[in-house]
Amino acid sequence: MSAFKLPSRPLIVTIDGPAGAGKTTVSKLLAKKLGYRYLDTGALYRGVAVAAKQAGISAEDDPALEALCGRIKLDLIADDDGLRLLLNGADITRQIRTPEISMMASAVSARPVVRAFLLATQRDLAAPKAVVAEGRDMGTVVFPQAEAKFFLDADPAIRAQRRYEELNPKADAGPSLTTVESEMRQRDRKDATRAVAPLQPAADAIRIDSSRLSLAEVVDEMLRHIATIA
Ligand code: DC
């Protein structure tokens, strides 16, 4: 990878897009190259989903969700293995990646009370800037003033294959490719059609299709763009 000019001031970089487009790998790599922090906002929605599940609250019960948001605190802590998610001080990192919590996270993320709660959390976490924020509405709602906005997409079949490989590192241990693809399409449809903050590119976002690019090439393209920012 060639050398790129690093920004002379701390920026907010946003990376939005559907599941399996490569956002997480790209965001982590880009944050490392820039010496920035990585903010995984999907993990926060997953954290609310775990809290709701623990409390036996349904994703349709807005008053209960609102009360729940009033009594939880989510923290993202960077360590050598990546980010750890704390729910009221308890480490729930391992609990948030199951297919059940993925669906629940998508469901709670459609509720305005949850989005309003996490809006403040996300802005607090990004306050010092020098951050790469990954999610669905980073460039549109949470950080509309971000200096560099990217929207990363890929063919649905390629996204499903990537997600499948992520979930099945030891092959055959998890759900089938067909299940992963159909759950992913279902979740995409919900995320893109919900009334609040649906998944869509910001008008000023740079769109990158990662179908035929390696994720390192995607990062290079982003760094090239960031180098043009004064
Ligand atoms: O990126 P992820 O798969 O960990 O996100 C989990 C869910 O949270 C996803 O279905 C959509 C939702 N989400 C969101 O609505 N807004 C964000 N900024 C991040 C995630």
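Whatever order the structure lists ligands and atoms in, that order sets their numbers, starting from 1.
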*Determine the sole option in Arg84, Lys28, Arg97, Lys23 for which the salt bridge (charged side-chain N to carboxylate O under 4.0 Å, His left out) test with Asp40 is passed.*
Arg97
*Indicate yes or no: at least one non-hydrogen side-chain atom of Arg212 is less than 4.5 angstrom from one of Glu217.*
no
*May I have all residue pairs that pass ring-ring contact (aromatic ring centres under 6.0 Å, His included) and include part of residues 116-160, sequence neighbours excluded?*
Phe150-His225
*Ion pair check, Glu100 and Lys53, cut-off under 4.0 Å*: yes
_Value rounded to 0.5 Å, distance of CD1 in Ile12 from CZ in Arg123_ = 9.5 Å
*asked:* Applying a heavy-atom cut-off of 4.0 Å, say which part of Ser106 lies close to ligand 1: side chain, backbone, both or neither.
replied: both
*Using a 4.5 Å cut-off on heavy atoms from C-beta on, say whether the side chain of Arg187 contacts that of Met184.*
no
*asked:* Go through it in stages, so that I can follow the logic: the residues are Arg46 and Thr98, the test is side chain to side chain donor-acceptor pair (under 3.5 Å), and I'd like the CA-CA distance, side-chain angles, deciding distance and then a yes or no.
replied: CA-CA 10 Å; Arg46 289 169 182 273; Thr98 65; over 6 Å; no
_Asp137 neighbourhood, listing ligand 1 atoms whose heavy-atom distance to it stays under 4.0 Å_ = 16 (N), 17 (C), 18 (N)
_Checking Thr140 against Gln200 for the side chain to side chain donor-acceptor pair (under 3.5 Å) test, could you report, in this order, the C-alpha distance in whole Å, the side-chain angles of both residues, the deciding distance, and whether it holds?_
CA-CA 8 Å; Thr140 48; Gln200 59 181 23; 5.8 Å; no
*Find all atoms of ligand 1 within a distance of less than 4.0 Å from any non-hydrogen atom belonging to Asp191, and give their numbers and elements.*
9 (C), 10 (O), 11 (C)
*Short N/O distance, under 3.5 Å, between Glu134 and ligand 1?*
no
_Nitrogen or oxygen atoms of Lys23 and ligand 1 under 3.5 Å apart_ = no
*asked:* I need the nearest protein heavy-atom contact for atom 19 (C) of ligand 1: residue, atom name and distance, please.
replied: Thr41 OG1, 3.5 Å
_Below 4.0 Å, non-hydrogen atoms only: which portion of Lys190 touches ligand 1? Side chain, backbone, both or neither._
neither
*Using a 4.0 Å heavy-atom cut-off, say whether Arg194 meets ligand 1 through its side chain, its backbone, both or neither.*
side chain
*To the nearest 0.1 Å, how far is atom 5 (O) of ligand 1 from its closest protein heavy atom, and which atom is that?*
Gly42 CA, 3.6 Å
*Could you tell me the residue and atom name of the protein heavy atom closest to atom 4 (O) of ligand 1, and the distance to it rounded to 0.1 Å?*
Arg46 NE, 2.7 Å
*Do we see a donor-acceptor contact under 3.5 Å between the side chains of Tyr45 and Arg136?*
no
Could you tabulate the donor-acceptor pairs under 3.5 Å formed by side-chain atoms of residues 103-112, not counting sequence neighbours?
| from | atom 1 | to | atom 2 | distance (Å) |
| --- | --- | --- | --- | --- |
| Ser106 | OG | Asp191 | OD1 | 3.0 |
| Ser109 | OG | Ala105 | O | 3.3 |
| Ser109 | OG | Ser106 | O | 2.8 |
| Ser109 | OG | Arg194 | NH1 | 3.0 |
| Arg111 | NE | Ala59 | O | 3.3 |
| Arg111 | NE | Asp62 | OD1 | 3.0 |
| Arg111 | NH2 | Asp62 | OD2 | 3.2 |

*For atom 8 (O) of ligand 1, what is the nearest protein heavy atom, given as residue, atom name and distance?*
Tyr45 CB, 3.5 Å
*Judging by distance only, is a nitrogen or oxygen of Arg136 under 3.5 angstrom from one on ligand 1?*
yes
_Sub-4.0 Å atoms of ligand 1 with respect to non-hydrogen atoms of Arg115_ = 14 (C), 15 (O), 16 (N)
*Show which atoms of ligand 1 fall inside a sub-4.0 Å distance from at least one heavy-atom site of Met138.*
18 (N)
*asked:* Quick test: of every protein heavy atom, which one is nearest to atom 10 (O) of ligand 1, and how far off is it to 0.1 Å?
replied: Arg187 NH1, 2.9 Å
